[in-house]
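These notes concern the structure reproduced below.
Throughout, numbering of the chain's residues begins at 1 and tracks the sequence.
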Amino acid sequence: MRVISAIPQAAAAWPPLAALLAGGVPQSMLCVGPWGSGVVELTDLFLDAMLCLAPRSDRSACGQCRSCLLQRQGAHPDLLRLQAEEEGKLISIDQVRAAADFLSYTPQIAARRVLRVEPAEALAPAAANAFLKTLEEPPPRAHIVLLSAAPSRLLPTIRSRLQRLPMRLAGRAETQQWLREKGAPEGAAVRLARWAGDRPLWAWQAWQDGVLREREQWIPQLLALPHEGIGAALALAESWSKAATLPVLREIALSILEDLLRLRLGLVEIAVNDDYITKLQSMAGSASLTALWNCESLWRKLPVTLKQNRNQLIILEEMILAWHAIWAGRADEHGRSA
């Protein structure tokens, strides 16, 4: 069973959620936060408590009642998880109609029925319009919880009908302390907390996966590229296509690109990759701002690109050429014109 202590910010985040459980849970709710921030886990703790038959004094789930045991087994008849049927696909209108039918039935065990939708932005246009009807008039004892890392991609008419749950994110010091308690060395905890921002669970997974070692290898290669020509950029793309994990590489590239944008604005104190700050300051001053934004946009949209095209080499070539273009044609200390 999920426990509050497994989420670093949960001790401070739980009381507002407990107050909702005590005072009356809204029928339609929105939980917002990036993957790895703990928001998904806090939401599931909240849902456990909503369905629990004998909650504790702090309103968290008891973990022992019939409802909690069924939750642990993933077989609760009063909870439906709505998500795309295949990775990279959208939630269909037929799935939304089936979910509406589910909510219309009387709860079998708990006091309510719960529909959990993740990610909410995966609703296909027709499905989102159909879903709106359910939000406008939810059945009695029915509750709808949407999880989203990009709420701006939801229809405004859907967002307006949702009450946003108070999901507190972890601060850097909180993340750093939690990582140390989990067993990460001091230096790694400091670096990961600075890099991961408000995503402590992502930071811990990154430590376990050895991402810091990959960062130490890949960042120097990326920063050296403006010295080289197009051939070197294509060679790096080929090398990374065989060795790099694209989601990890995306995190590294975005952190560098966002630092370059921060430095263009003079925001040195909040740069994430402070161990490369001298090099980044030099590069930021000679970067094409238009090309910088274009490259950042390409890396940010990588998850969608991967769904449309699974050829990793072609994707990496586009990304790295976009990086190279930030300094292309600028004869300065970073290299010759391309």
Revision key, fill the gap. Residue set satisfying side chain to side chain contact (heavy atoms under 4.5 Å, CB included) with Pro247, at least two apart, ordered chain then number -> Thr245
Exercise for review: Check which hydrophobic residues are tied to Leu135 through side-chain heavy-atom contacts below 4.5 Å, counting indirect links as well, and list them.
Suggested key: Leu30, Val32, Leu80, Leu82, Ile91, Val96, Phe102, Leu103, Leu115, Val117, Leu123, Phe131, Leu132, Ile144, Leu146, Leu154, Leu155, Ile158, Leu162
Point to revise | Pairing residues for Trp35 by the side chain to side chain contact (heavy atoms under 4.5 Å, CB included) criterion, not counting sequence neighbours | key: Trp202
Check your understanding: Who are the salt bridge (charged side-chain N to carboxylate O under 4.0 Å, His left out) partners of Glu216, not counting sequence neighbours?
Key -> none
Practice item. Give me the other members of the hydrophobic cluster that Val190 sits in, counting Ile, Leu, Val, Met, Phe, Trp and Tyr linked by side-chain heavy atoms under 4.5 Å, directly or via other members. Key: none
Point to revise | Selection residues 146-158 - residue pairs positive for side-chain hydrogen bond (donor to acceptor under 3.5 Å, both in side chains), sequence neighbours left out | key: Glu121-Ser148
Study note, to complete from the structure: Contacts of Gln177 meeting side chain to side chain contact (heavy atoms under 4.5 Å, CB included) (sequence neighbours excluded), chain-then-number -> Arg180, Glu181
Study note, to complete from the structure: Note: with side-chain heavy atoms under 4.5 Å as the link, the other cluster members for Leu267 come out as Leu265, Ile270
Study note, to complete from the structure: salt bridge (Lys or Arg N to Asp or Glu O under 4.0 Å) pairs touching residues 283-295, sequence neighbours excluded, are none
Check your understanding: Under the salt bridge (charged side-chain N to carboxylate O under 4.0 Å, His left out) test, which residues partner Arg113, sequence neighbours left out?
Key -> Asp78
**Study point:** Partners meeting salt bridge (charged side-chain N to carboxylate O under 4.0 Å, His left out) with Glu251 (sequence neighbours left out)
**Key:** Arg199
Check your understanding: Other than Leu70, which residues form its hydrophobic cluster under the rule that side-chain heavy atoms must be closer than 4.5 Å?
Key -> Leu53, Ile109
